[in-house]
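A note on names: the letters A, B, ... follow the listed sequences, proteins ahead of strands, and every chain is numbered from 1. Note that the structure is predicted; figures quoted are calculated from it, not measured.
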Amino acid sequence: MEVILRDKIREAVKVLYNSDVSDELIQVQETKKDFRGDFTLVVFPLLRFSKNTPEKTGESIGEYLIKNFEAISKFNVIKGFLNLEVSGSWWLDYFINTASADDLIDKCRVPVPGTILVEYSSPNTNKPLHLGHIRNNLLGFSIYRILASCGHNVIKTNIVNDRGIHICKSMLAWQKFGNGETPETSRMKGDHLVGKYYVLFEKECKVQIESLLNSGMEENDARNSAPMMKEAREMLLKWEAGDREVVDLWKKMNSWVYAGFDETYNKLGVDFDKIYYESETYKHGKKIVQDALNKNILYQKEDTSIWADMTDEGLDQKLLLRSDGTAVYMTQDLGTAVDRYNEYRFDRNIYVVGNEQNYHFHVLKALLKKMGYQWSDGLFHFSYGMVELPEGKMKSREGIVVDADDLISEMIETAREVSLELGKLADFTPEEKNEIFRKIGLGALKYFILKVDPKKNMTFNPTESIDFNGNTGPFIQYTYARIKSVFRKAEQSEINENLSLLQGMHPGEKEIGLIRIFSKFPEAMTAAAEGYSPALVANYCYELAREYNQFYHDFSILGETEERVRNLRLAISRVTGEILFKGMWMLGIEMPERM
RNA sequence: GGUUCCGUAGCUCAGUUGGAUAGAGCAACAGCCUUCUAAGCUGUGGGUCGAGCGUUCGAGUCGCUCCGGAAUCACCA
């Protein structure tokens with residue numbers, strides 16, 4: 001609509017003032033609620049052509065549009081704003097032509113689909129997932145669904161950081177204090193069990209460091225010469241050397257962690273098409289660094305460490321291989337990126353990683369470019385903000401975290417309590433009820449996180465549980481459940497929807513309001529895809545649900561006696577339900593039929 | 001210290017390329033269930049958009065300065 005309208009306005013200026021206007025001067029926006037109209041043209045930028053007052057200019061363009069554009073039925077001018085009303089019949093035609101969520105989604109299809117890799121989750125194998133990972137997983141999975149809905153070929157990948165000093169810490173503590181404990185004997189989830197020993201390591205190590213500090217040692221030295229720390233480093237060297245005992249332990253403990261992660265991923269409803277392991281990709285990374293050194297793209301210091309000089313990019317010197325030849329974080333990311341390109345020839349490679357690593361990805365992209373990989377232009381760091389607690393950042397070393405599994409359980413439990421209190425599910429089996437509680441609890445959690453602009457940091461207060469009223473997941477689920485309920489009743493009364501009856505009728509204001517919101521669905525989706533922001537879809541769905549609830553409150557659907565009106569209301573209800581379903585689907589949120 | 005990001009109602013968040021009187025929810029208060037689900041709907045109160053200067057017909061939005069907060073600048077990941 002907006003596109004056609006802009007063309008017509010351009011035409012009006014041409015005819016009235018004999019001037020060609022560029023696109024940015026035609027400022028069309030939605031009319032504010034307090035004023036009458038659907039779209040508003042800001043006329044200030046056009047005054048230079050009309051050489052007239054804002055009011056007169058608005059009047060002239062308004063009159064032209066009435067005469068020459070049948071969709072516009074009325075207009076009014078307030079100060080420099082030309083408010084245009086689109087006729088009900090135009091909206092009705094629009095609705096008849098796009099009377100399903102799929103029709104609307106089709107408008108988002110990109111003309112040329114790309115191959116897009118989305119990397120998300122990227123856990124370390126020394127501790128369980130926490131709230132920060134939840135945000136990461138939800139964002140990654142959602143952006144996958146949004147891009148896929150636009151027609152792209154999207155591949156979900158995960159890079160598991162399974163090697164390094166951190167896992168050695170857990171392994172060492174387990175060797176020392178574990179007494180052979182396993183997930184089976186301890187009845188702990190594997191990732192939690194390993195995490196327990198990681199925390200134990202840090203605790204013991206801290207004691208050792210403090211005693212060294214008390215004996216007068218400098219902090220850095222103390223940190224490095226704590227006996228536990230030394231042992232962990234020795235273990236890492238053994239691991240790199242392929243020491244059988246260490247490698248076996250590593251495999252065993254990692255397998256515990258993976259089983260735990262799989263469970264959490266399952267509960268969250270996310271999955272992956274391809275999983276990379278850093279224990280494999282870092283080798284390739286080393287080779288890439290060596291090759292680049294041979295081509296003099298990198299340089300070597302006297303201590304044999306290898307560096308990249310990025311100062312011409314306004315960046316720093318960057319270490320790529322330690323003096324002992326071992327790899328660093330950047331090394332394995334280079335390897336992973338090249339591996340991925342060789343495997344998929346992607347157009348875009350999206351890294352869903354927190355904004356604390358902005359610098360890292362800036363360097364990674366520039367470095368690949370420097371090494372001659374032109375496709376590094378396709379690398380995109382989907383940088384999202386931290387989840388903070390009211391007291392500040394989460395600190396996993398100190399155990400100040402909101403654990404993912406705990407949070408999910410608590411949300412489902414809260415959903416159960418709220419649902420039972422409302423007591424609407426009396427005739428369901430226990431299994432069916434649990435399924436509904438699960439959908440609602442997770443819906444609340446996911447929506448709470450995804451409705452926030454990904455770029456921004458967000459605060460999570462564990463003591464105030466996540467709401468189920470207002471701008472929340474359950475509110476939207478509830479709206480959907482109501483619509484489903486209407487259709488169940490309709491079926492019982494043998495009332496069917498008949499679109500052909502709609503031709504030529506006059507929709508009411510509230511109905512037009514909903515159709516207008518329908519028409520914004522493709523824009524919201526496209527903006528979400530282009531701006532990497534599931535929040536836009538979330539907020540769109542909220543707006544639609546709110547508007548529908550008002551409509552639902554003010555008008556009877558099945559009780560309407562005039563058949564055509566009832567039909568329109570049924571059709572509008574159906575499309576609302578479809579859009580909410582699809583929109584929430586893009587956020588990875590499931591919808592209960594009843595709640 | 002260098003670089004980057006953020007400051008909107010008591011709290012959590014929206015606010016399109018600069019446009020009209022800055023919006024929602026929560027919390028508080030007052031109403032609405034004999035009706036298609038009240039997890040809903042309606043209303044009231046609540047703001048120096050961190051501060052100042054500038055650009056502009058017009059600034060929460062753009063620029064500069066300052067204040068406050070965060071991230072990063074590791075032979076950590």
Legend entry - Sub-4.0 Å heavy-atom contacts from residues 533-541 of chain A onto RNA chain B, ordered by number: none
Between [options], which nucleotide has the shortest distance from any of its atoms to the side chain of [X]?
X: A:Tyr552; options: B:C36, B:C73, B:C41; value: B:C36
X: A:Gln550; options: B:U42, B:U37, B:C73; value: B:U42
X: A:Ala481; options: B:A71, B:C13, B:U37; value: B:U37

Legend entry - Check against salt bridge (Lys or Arg N to Asp or Glu O under 4.0 Å), A:Arg594 and A:Asp427: CA-CA 11 Å; A:Arg594 284 182 55 178; A:Asp427 54 330; 3.4 Å; yes
Legend entry - Syn-anti status, with the boundary at 90° from 0, for the nucleotide B:C13: anti
Inset, instruction - Take nucleotides 17-32 of chain B nucleotide by nucleotide from the 5' end and write B, S or -, depending on whether a protein heavy atom sits under 4.0 Å from the base, only from the sugar-phosphate, or from neither. - result: --BBB--SSS------
Legend entry - Heavy-atom protein contacts under 4.0 Å, nucleotides 5-10 of chain B, coded B base, S sugar-phosphate only, - none: --S---
Once you round it to whole Å, what is the distance between [atom2] of [N] and [atom1] of [X]?
X: A:Ile449; N: B:U12; atom1: CD1; atom2: P; answer: 16 Å
X: A:Glu543; N: B:C13; atom1: CD; atom2: C1'; answer: 15 Å
X: A:Gln332; N: B:C76; atom1: CD; atom2: P; answer: 12 Å
X: A:Met458; N: B:A71; atom1: CE; atom2: P; answer: 17 Å
X: A:Tyr359; N: B:U3; atom1: OH; atom2: P; answer: 13 Å
X: A:Lys510; N: B:C41; atom1: NZ; atom2: P; answer: 10 Å
X: A:Asn549; N: B:C36; atom1: CG; atom2: P; answer: 16 Å
X: A:Met330; N: B:C76; atom1: CE; atom2: P; answer: 14 Å

In whole Å, measure the gap between the [atom1] atoms of [N] and [M] for me.
N: B:U55; M: B:A9; atom1: P; result: 28 Å
N: B:C13; M: B:C73; atom1: C1'; result: 32 Å
N: B:G15; M: B:C29; atom1: P; result: 31 Å
N: B:C67; M: B:G46; atom1: C1'; result: 26 Å
N: B:C5; M: B:C62; atom1: P; result: 11 Å
N: B:U37; M: B:C33; atom1: C1'; result: 11 Å
N: B:A27; M: B:U12; atom1: P; result: 15 Å
N: B:G60; M: B:G19; atom1: C1'; result: 13 Å

Please identify each residue that fulfils salt bridge (Lys or Arg N to Asp or Glu O under 4.0 Å) with [X], with sequence neighbours left out.
X: A:Arg416; value: A:Glu413
X: A:Glu202; value: A:Lys169
X: A:Asp554; value: none

Inset, instruction - State whether A:Glu578 and A:Arg574 are salt-bridged, where the test is any N-O pair (Lys NZ or Arg NE/NH1/NH2 against Asp/Glu carboxylate O) under 4.0 Å. - result: yes
Inset, instruction - Using a strict cut-off of less than 4.0 Å between a Lys/Arg side-chain nitrogen and an Asp/Glu carboxylate oxygen, indicate whether A:Arg516 and A:Glu30 qualify as a salt bridge. - result: no
Inset, instruction - Taking the side chain as every heavy atom from C-beta outward, state whether A:Ile557 and A:Lys489 have any pair of such atoms under 4.5 Å apart. - result: no
Going by side chain to side chain donor-acceptor pair (under 3.5 Å), name the residues that satisfy it together with [X], two or more places apart in sequence or in a different chain.
X: A:Gln550; result: A:Lys510
X: A:Asn254; result: A:Thr125
X: A:Glu523; result: none
X: A:Ser556; result: none

Mind checking [X] for me? I need base, sugar-phosphate or nothing, with any heavy atom below 4.0 Å counting as a touch.
X: A:Asp324; answer: nothing
X: A:Met386; answer: nothing
X: A:Gln357; answer: base
X: A:Asn461; answer: nothing
X: A:Ile440; answer: base
X: A:Thr459; answer: sugar-phosphate

Inset, instruction - Show your working on salt bridge (Lys or Arg N to Asp or Glu O under 4.0 Å) between A:Arg438 and A:Glu435 and close with a plain yes or no. - result: CA-CA 5 Å; A:Arg438 188 187 63 78; A:Glu435 184 62 4; 2.9 Å; yes
Legend entry - Base-pair map of RNA chain B as dot-bracket, where | denotes pairing with a different strand and pairs are Watson-Crick or G-U under 3.5 Å: (((((((..((((.....[...)))).(((((.......))))).....(((((..]....))))))))))))....
Inset, instruction - Could you tell me whether the side chains of A:Tyr282 and A:Thr326 share a donor-acceptor contact shorter than 3.5 Å? - result: no
Inset, instruction - Answer yes if the side chains of A:Thr31 and A:Asp38 hold a donor-acceptor pair under 3.5 Å, and no otherwise. - result: no
Legend entry - Pairwise distance OG1(A:Thr459) to CD(A:Glu388) - rounded to 0.5 angstrom: 6.0 Å
Legend entry - Whichever of A:Val452 and A:Leu422 has its nearest RNA chain B nucleotide further upstream toward 5': A:Val452
Legend entry - Residue mapping more 5' on RNA chain B - nearest nucleotide basis, A:Asn124 or A:Pro474: A:Pro474
Legend entry - Pairs where residues 449-458 of chain A contributes a residue and the test salt bridge (charged side-chain N to carboxylate O under 4.0 Å, His left out) is met, not counting sequence neighbours: none
Inset, instruction - Classify the ring geometry between A:Phe448 and A:Phe460 as parallel (under 30°), tilted (30 to 60°) or perpendicular (over 60°). - result: perpendicular
Legend entry - A:Arg482 vs B:A38: side-chain N/O to OP1/OP2 distance below 4.0 Å: yes
